[in-house]
Every structure is written in structure tokens, then in C-alpha cells.
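All remarks here apply to the structure that follows.
Since the structure is predicted, the reported quantities are computational estimates derived from the model, not experimental observations. Below, chains carry the letters A, B, ... as their sequence lines are ordered, and counting in each starts from 1.
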There are 4 protein chains.
Amino acid sequence: MGTGTGTGTSKQQRRGNTRQRIQDVALELFAEQGYEKTSLREISERLEVTKAALYYHFKTKEAILTSIFDDLTRPIDELIAWGHEQPRPVSLETKQKTLTRYSEILVDAAPLFRFMQENQATVRDLKTGESFKDRMLGIYEILKDPEAPMTDQVRCFSALFTMHGGMFVLKDVEGDPEEKRKAILEVAIDLVTRAHTGA
Amino acid sequence: MGTGTGTGTSKQQRRGNTRQRIQDVALELFAEQGYEKTSLREISERLEVTKAALYYHFKTKEAILTSIFDDLTRPIDELIAWGHEQPRPVSLETKQKTLTRYSEILVDAAPLFRFMQENQATVRDLKTGESFKDRMLGIYEILKDPEAPMTDQVRCFSALFTMHGGMFVLKDVEGDPEEKRKAILEVAIDLVTRAHTGA
Amino acid sequence: MGTGTGTGTSKQQRRGNTRQRIQDVALELFAEQGYEKTSLREISERLEVTKAALYYHFKTKEAILTSIFDDLTRPIDELIAWGHEQPRPVSLETKQKTLTRYSEILVDAAPLFRFMQENQATVRDLKTGESFKDRMLGIYEILKDPEAPMTDQVRCFSALFTMHGGMFVLKDVEGDPEEKRKAILEVAIDLVTRAHTGA
Amino acid sequence: MGTGTGTGTSKQQRRGNTRQRIQDVALELFAEQGYEKTSLREISERLEVTKAALYYHFKTKEAILTSIFDDLTRPIDELIAWGHEQPRPVSLETKQKTLTRYSEILVDAAPLFRFMQENQATVRDLKTGESFKDRMLGIYEILKDPEAPMTDQVRCFSALFTMHGGMFVLKDVEGDPEEKRKAILEVAIDLVTRAHTGA
DNA sequence: GATGAATGAGTATTCATTCAT
DNA sequence: AATGAATGAATACTCATTCAT
């Protein structure tokens, strides 16, 4: 279904979508080696353009990163917005749905999340980074019950950590990826359910 | 009966413990700003010595980091060793004890763990980093039951993530630190217990 | 009709030939002070560009040196190629011609050869250095007669050493340069002739 | 006849001859890698002493080199002195004897001469270096005949170059070392003889 | 006769960024 | 839409040397 007839990406095809290609390659490298350790030279070499070309499309190195975040965090923002529109107190069903959708988002944006987890120190003082923590707290707001005891609050966080961490460490464990994702989701939902019902 | 009456550390006092001081300052800065973003210039300036002095005590920048790890990961290695000596199948009690001790270790070496969590991308390709993952899997080995269903395997990982993540994110939540630590530990133990009993 | 009427090189003129200028200045300094003792700072200062500019044109310090060699050793390679195409056994005439041409090459690339002679220790473990020895042996291959007694073999080497050494030490002896070069060439040819005829 | 009974050099043995050992190791390394590229750290590590110890025995790095030269160039100075005492005009016999003795000196101090040849650029601006050139000219003074034509002057230099160069390049040629040395000496003597007789 | 600790000046190299074309 | 050429500031690291002990 591809438009190209030859192998690889022809110069023709490349025209007009360089911006996108920069983002793709950058994310790939950032995730692989970390933000600091990835240089613009590396990115431009892999794209077979000059460093200066990157500056035509983005004002700074940080702007490349930020733009990637912007594209990919939109679904999360929508999820948060949706959650916050739901009637209070938040129903168990809504919480479960939130986790389910979050799990899907996580899979779709896996490289970005991997990057975020592994580069917190760097990302922390990017404006974008700030908002990541906020987003996590945004999801947490949907799940938590302010009246519940501390252990149940922890359970809600735990559900989130389980999903974040699980995505990347379970690679080292045998088993079918989709099955693993489901198991992770199940544990997360279980945690939140128990926090909700106070079981 | 200390010799110094004034404030600050006199040059006298400093003699002989420079190595230790380098490690302290380095960890502080690494945790604050990340490994890559911390330069040897910064470390040496804060210590009021020259960069070259750092090189008298450590062969490379990485060696500074490694030496800090070596000192602080010993307790974990001991815990793993102890766990692996316990009779198989591992009793629930042993698992609980493991988590409890791990929790204490985590608190003691908090800055190091914060650093590790936030600099995974960097730490990954340090030999030392390698071994961190191994250590986590080492603890996991004690907790897990290879026969148990996938969800229970996930619960064991979840317990670990909860402890790691909890330590640092709960800062942003109100409440007494010690109480929070206990709540985290409780949730972790609960997860492992349920995995163990298959409840 | 040059654009500059004043002394020195205008910035206009310099554009586009920086690479060449780096090579010129570098060779000059390398020959004057040795490779190790010449720093990139020195080169860049003399060129009135920044050190980073050097790195735009050459990947490393060694690459500067290598590039100079590449340009200047081509004539030698051509001479060797020519020599090896000649019918065997090599005629005396061919040998004499080889020395004559070699002598001219030596004069043209005098600073480079001076540099090589005086920096053998450094140049030795550069790939480029390797090939210098090979080149010398390449010329030697044309001159030598494998059946001849050891003394005659030595005479052939001696002819080469005489030319190499002569170029630089005879500076300290009175007399017209061109005349001296001719005398050197004559002695070299004489050595090879005697080796050839077994006189 | 050695005093030690064990293998290797015991600490006992080492006492009192550290100065000598420094010179030995230094020359070895200087010859191997060049003067600039050999650091005092390297020397001290190979000797299993501290860098500071070197400074107990020698005022500077250059002083180590100079001291080595002083020890080893004495024979040459004696040869020159002897040569200059001979009646003028210098007889052919004296010239031949000079070359013969020079050849022996060269073999004895081979590493030093190898070093000198390969590090001329470095050695040039050491006071010691100056004197090396002077020494070579000193030998040349004995061999040359100021009235002789330029080609014969060149022959005398050529004899010297042949000996210097020959020592090190003939390594790459098959044959017995002693036999090669003799062949080299023979060629050198032949050159000087022809210069002397004007053949 | 030597060490432990440190310094000051230097090195090659890399990076994000700029700008005229 | 992109390049070629360059910069300024930084970085990790090395070296010869010093000096109190």
C-alpha cells in the first residue's frame, strides 16, 4: 500500500516531510542513548542532511524534544480531560476504563515513555518535563479517593508505576507481549479496585 | 575537642578524606542534575580543589560513579545472598522479610536510588548499570514463584516498582515520611503475599 | 587583477581555501617543532580561525597530517609504479632514472621529508607512517639486485639514505644548493652503478 | 656472577641503583615511543616507584634524557678527541680506524642512536641535541678533505648516514646481523677511501 | 630515599548554535 | 528548503612539577 516503488526512502518521498523524519529519528536516538548523549550531528547524519537543516525546522535541540512530546501527549491530555468531566465521586468503572485507555496509550507511545522513564533527570528541567509529572498526577487524580487511607492512595500510585515500569522490564521475562500487557493491566486494575472498594 | 573552632571545613581537616568528599559531592550533584550534566569542573569547584586533584583519586569520571555504587550496593548484594541461601520453596515469611529489609536499604541509600531511577539511560551502558538490573532481578528471584500465573509474576515486579517509585514520588504528597514508607511497604508486602497465596 | 591591494590575506580571499591553508600552516609547524609539540591551538591561531574550524575540515589532528601525506606521496607512488612496470632485470639506466626522479620529488616535498625524518618515532605508528617505510622499500626494490653480495645491497640503501639525509644536513655546509643536490645525486647514482656492475 | 639468587629484581637489589634503573627504563621507553609520548607516569609505573621518586634523582624530565646522553656519548667524544690529535693531513688509515670505532660505538649504544634518529625534532632544541649535530660534524671533520670536490665531501657524509641508517633499516632485511654490520662498515670505508684518493 | 596529595597549564575533541548564500 | 563554514564555550583528561612529611 506504500507509495514508493523502489527500496528505501527516495529523495522525492522525503521532500516535505523532513520535519516528521527529524522527530522520528530523534526519538529513536533519544530513547536509545539518552537525550544528552545524542548529538544533533548524529541525528543529521542518520537523516543524511546537514545540522543546519535541523535548524530550519526547529529552533533548538530542546524544541525537537518538546515537539515530539506535544504530538504524543495529546492522547493523555484527552484522557485526563475526559476523566475530569466524569461525575464525582468517580465510579469504579470510570477508573477501570481510565487504566485500560492509559495502557493502550502507553503501548502506542512506548518509545516516548521509555525515553521519559530513562531520562527523568534530563527531562526534569525542561518545561515539557514539568508537565509530565503533572500529567501523571492528573491521572492519579482520577483514580484516587481523598478520603481513603494512605495504603489505598499508595495502591493507586502503585497501579501507575506498575504500568510504566512493567512495559519495559517485562521485556526481560519470557512470554507473549500482548499477554503480558494484559496481565499488567489486570494487576493495575486489581490494585485500583481494591483501593476503591477498600477491600 | 575538635581542632576547628570556626565554621566550615579547615584545610587541616580535609587532608586525608578528599576521596570521600569527592564521592559525597559527586553523588549530590549527579542526583541533582544528572550524570552527564554534571561536569568535573563543577565537582572540583564545589570542593575547592582543582580538577586534576579528582584525577589523583579516580581514574575517570565514570570511576567516581562506580566507586559510589560499589559502596552502596553492598547491602543489596548481602540481601540477595541471604535470600538465595534460604530453603526452597521460599517461605512467605522470607519474602516479607526481604521486602522489609529492601525498604530500609532504599531509605538509607535514597540519593543513589533517586539517581539511578532518573539516569537509567546513562547508567545503562556503565558496567555498574548492568549489574543494577541484575540486582533487581536478584531480588525478584527471591519473591517470584515460577509456577504461578503471569498476573502473580507481575505482582512481584509491581511490589518492587512500588517501592522504587514510591520513595520519590510520594514526596509530592502530603503526610509523614515514615508513615508513607510504611504504607508503601505494606502495599508491597500485600502484593507479594497475594502472589504467594494465589489469592 | 587580484582584489587585495594591501598586505596579508583578506577574509574574502580566504573563503573556500581554508582546508588548503590548514594543511600549509600545519606542515610548516610540524616541520618546525615536531608533530607532538605542535598544538591545534597554535595552528588555529596562526590561521586566525578557531580550533573548532579545524574540526570542520578534518576529523582529527592525525587526519590533518595524513591528508598532507596523501597529497605529497602520490608522486612517489607513481615513481614506484613506473619502476615496477619496467622489464626485469632492471636496467642500469632505469635505476639511474629512478634516482634522478626521486631526487626531484625530494626537493619538491622537502618540508614533508624533513618532517618525516625528524619525527619517525611519532610517524611510526600512524598508518601513514607504515606506508612510508613501505615506499622506501618500494624504491629499494627497483634498485636492488637480489643476487648481488650484501655489500652491494647496502650500497643501494646507502644511496637512498644519502639522498634523504643529504637534503637536510648539507644546509650546514657552504655551497650552492642546486650544486649540492647534483653532487648528492651523483654520489647516489655512483653507489647504485657500482652495485649494479659489481665494480 | 650475579649477586641475586632469585629471579627478577628484588627490592634489596634495587636499593642504591634506582638512578641507573630510571635511565634504563627511560631510554627503553623513549626509544620505543618517542620522548614526548613517554610520560613520567609510565616510567615510574614500570619501575614501581612514584613519580615523585624520579624527582629525587633528576631535576626534570629533560635531565633524565640528558644524563643518558652524557653517559653514552662519552666514547664518541673520545673518538673525536683522538681523531683531532692525529697529524694533519689525516691519513687514510686514521679515517678507516675512525669509521671502525664509530661502528662499534654505534652498536653498543644502539637504542640511544635509534632514539636520536627517530626523535630529531624533539632532540633538536635540547642543549644535548645541539651537541649531537656537533658531534656528527666532529666525526665529519676527521673524514673530510676541505680541498676535495663537492662529490667527495658528500661521500664522507654518505658514509656517516649509511652507518646511522643502516643500523636500523637492515633489521628488515634477511641475513646475519654481524655480517650486515660488516657490510655496512665496508661500504662506509669504501666511500671514504674513494673520497680520500679521489678515485 | 621516597611518598601522597595536589596544582596549573595544557591537550584534543565535541557540541549547540549562527548566518550568509 | 537547505548547505557550507565557522564560532564560543565547554568537556574529560594528561602532564610535568612541587612540597610537606
Side-chain angles (χ1 to χ4, degrees), chain A residues 11 14-19 22 36-44 47-64, chain B residues 11 14-19 22 36-44 47-64, chain C residues 11 14-19 22 36-44 47-64, chain D residues 11 14-19 22 36-44 47-64:
Chain A
K11 288 221 164 166
R14 265 147 67 177
R15 247 227 232 98
N17 66 344
T18 303
R19 201 190 132 91
I22 292 171
E36 320 273 2
K37 265 153 77 185
T38 303
S39 70
L40 296 186
R41 181 180 50 70
E42 243 175 318
I43 296 175
S44 66
L47 284 166
E48 292 177 282
V49 296
T50 58
K51 266 186 294 173
L54 305 183
Y55 280 90
Y56 178 79
H57 293 283
F58 298 96
K59 247 189 151 273
T60 63
K61 185 185 179 186
E62 191 177 329
I64 299 180
Chain B
K11 289 217 164 170
R14 264 150 62 180
R15 190 92 62 44
N17 65 341
T18 305
R19 202 191 134 93
I22 292 171
E36 319 273 2
K37 266 154 74 187
T38 302
S39 70
L40 296 185
R41 183 182 49 70
E42 245 174 315
I43 296 176
S44 67
L47 283 167
E48 292 177 282
V49 295
T50 59
K51 268 184 291 171
L54 304 184
Y55 280 93
Y56 177 76
H57 294 281
F58 298 95
K59 250 182 136 53
T60 62
K61 185 184 178 187
E62 190 178 330
I64 299 181
Chain C
K11 288 218 166 170
R14 264 150 62 179
R15 191 88 64 42
N17 65 342
T18 305
R19 201 190 132 93
I22 292 170
E36 321 273 2
K37 265 153 77 186
T38 302
S39 71
L40 296 185
R41 182 181 49 71
E42 244 175 315
I43 296 176
S44 66
L47 283 167
E48 291 178 283
V49 296
T50 59
K51 267 183 292 169
L54 304 184
Y55 280 92
Y56 177 77
H57 295 281
F58 298 95
K59 253 183 139 40
T60 62
K61 186 185 177 186
E62 190 177 332
I64 299 180
Chain D
K11 288 220 166 170
R14 265 147 65 178
R15 245 220 236 104
N17 65 341
T18 304
R19 200 189 133 92
I22 292 171
E36 320 273 2
K37 264 154 76 188
T38 302
S39 68
L40 296 187
R41 181 178 52 68
E42 244 174 316
I43 296 175
S44 65
L47 282 167
E48 293 176 280
V49 296
T50 58
K51 265 186 293 173
L54 305 184
Y55 280 89
Y56 178 79
H57 294 282
F58 298 96
K59 246 189 152 302
T60 63
K61 186 184 179 187
E62 192 178 330
I64 299 180

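- In terms of heavy-atom proximity, B/L40 sits nearest to B/Y55 at CD1-OH, 3.0 Å.
- A donor-acceptor contact shorter than 3.5 Å is absent between the side chain of C/K61 and the backbone of C/S39.
- Atom CZ of B/R19 and atom C1' of E/dA6 are 16 Å apart (whole Å).
- Shown here for B/K37 and B/E42, the closest heavy-atom pair between the two residues is O-OE1, 3.6 Å.
- Using a 4.0 Å cut-off, no side-chain N or O of C/Y56 falls inside it from OP1 or OP2 of F/dA6.
- Among the nucleotides F/dA5, F/dT7, E/dT3, the one closest to the side chain of D/A53 is E/dT3.
- Residue B/H57 places no side-chain N or O under 4.0 Å from the OP1 or OP2 atom of E/dG4.
- Among all heavy-atom pairs drawn from A/S44 and A/L54, the shortest one is CB-CD1, 4.2 Å.
- Here D/T18 reaches the OP1 or OP2 of E/dA2: one of its side-chain N or O atoms lies under 4.0 Å away.
- Computed from coordinates, the A/L54 CG to F/dG4 C1' distance equals 15 Å when rounded to whole Å.
- Test C/V49, C/I64, C/I22 against C/H57 for side chain to side chain contact (heavy atoms under 4.5 Å, CB included) and you get one pass: C/I22.
- Taken from CD1 in A/I43 to CZ in A/F58, the straight-line distance is 9.5 Å, to the nearest 0.5 Å.
- Distance CD1 (B/I22) to C1' (E/dA5): 11 Å, rounded to an integer number of Å.
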Contact letters for nucleotides 12-19 of chain F, in which S counts primed atoms plus P, OP1 and OP2 and B counts the base, heavy atoms under 4.0 Å: SBBBBBBB
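- Helical stems in DNA chain E, defined as runs of 3 or more consecutive Watson-Crick or G-U wobble pairs with donor-acceptor distances under 3.5 Å: E:2-21 with F:2-21.
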